[in-house]
Student: 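Pasting in a structure now, in structure tokens, and then I'll have a few things to ask.
If you read the sequence from its start, that first residue is 1, and numbering goes on from there. Just so it is clear, the model here is predicted, and its values are computed rather than measured.
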Amino acid sequence: MARFVYAFFLMLVITFVIQDVYGGGEGSLRPEQCAGACDYRCSKTQYHKACITYCNICCEKCLCVPSGTYGHKEECPCYDHWKTKRGTPKCP
């Protein structure tokens, strides 16, 4: 019985670690979380105001912001594939 409890607890911990590391999938945020996620996403750019504006627009539509300050757009397909009229990425 103790082994079962230990194995269950270990699987539970691993699940939370995986969600924390690989979190950010499409629909993983609530609308009120977009501002904080975009603040971090745009924290290292020199075009902070534009980045924040477009990041929030994208987050409100996709409910997702990729992890980190650059790249990792594959985590959020909606965010990644949304393009401008010119065909360039809309989301930072």
Side-chain angles (χ1 to χ4, degrees):
M1 181 68 177
R3 281 185 173 172
F4 176 74
V5 172
Y6 177 74
F8 178 75
F9 181 72
L10 184 61
M11 287 180 10
L12 188 64
V13 169
I14 289 171
T15 302
F16 284 116
V17 169
I18 289 172
Q19 285 179 346
D20 188 43
V21 172
Y22 296 105
E26 204 164 308
S28 65
L29 295 177
R30 293 185 307 269
E32 61 270 10
Q33 294 174 309
C34 287
C38 287
D39 279 341
Y40 179 71
R41 177 78 176 169
C42 298
S43 64
K44 294 188 178 180
T45 183
Q46 61 181 344
Y47 305 106
H48 188 74
K49 187 174 180 178
C51 182
I52 289 288
T53 300
Y54 288 105
C55 181
N56 278 302
I57 290 169
C58 295
C59 183
E60 287 175 15
K61 179 182 178 198
C62 302
L63 295 178
C64 179
V65 174
S67 62
T69 57
Y70 184 79
H72 306 288
K73 288 186 176 182
E74 68 279 353
E75 295 174 356
C76 304
C78 169
Y79 192 99
D80 187 26
H81 299 308
W82 199 11
K83 306 291 183 194
T84 64
K85 291 178 184 177
R86 295 184 203 152
T88 58
K90 187 173 194 98
C91 306

Student: Which pairs of donor and acceptor atoms, one on a side chain in residues 83-92, lie under 3.5 Å apart (sequence neighbours left out)?
Tutor:
residue, atom, partner, partner atom, Å
T84, OG1, R86, N, 3.3
T84, OG1, T88, N, 3.3
T84, OG1, T88, O, 3.3
T84, OG1, T88, OG1, 2.8

Student: Could you state the interatomic distance from CH2 (W82) to OH (Y54), rounded to the nearest 0.5 Å?
Tutor: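 Interatomic distance, W82 CH2 to Y54 OH, rounded to 0.5 Å: 10.0 Å.
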
Student: Give the table of side-chain donor-acceptor pairs shorter than 3.5 Å for residues 55-64, with sequence neighbours excluded, one pair per line with atom names and distance.
Tutor:
residue, atom, partner, partner atom, Å
N56, ND2, I52, O, 2.9

Student: Less than 2.5 angstrom apart at the SG atoms, yes or no, for C42 and C51?
Tutor: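 Correct, these two cysteines form a disulfide.
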
Student: At their closest point, which heavy atom of V65 faces which heavy atom of R41, and how far apart are they?
Tutor: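 Here V65 and R41 meet closest at CG1-CB, 3.9 Å.
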
Student: Restricting to side chain to side chain contact (heavy atoms under 4.5 Å, CB included), what partner residues turn up for H72, sequence neighbours left out?
Tutor: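 With sequence neighbours excluded, H72 shows a side chain to side chain contact (heavy atoms under 4.5 Å, CB included) to P66, S67, E74, E75, given in chain and number order.
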
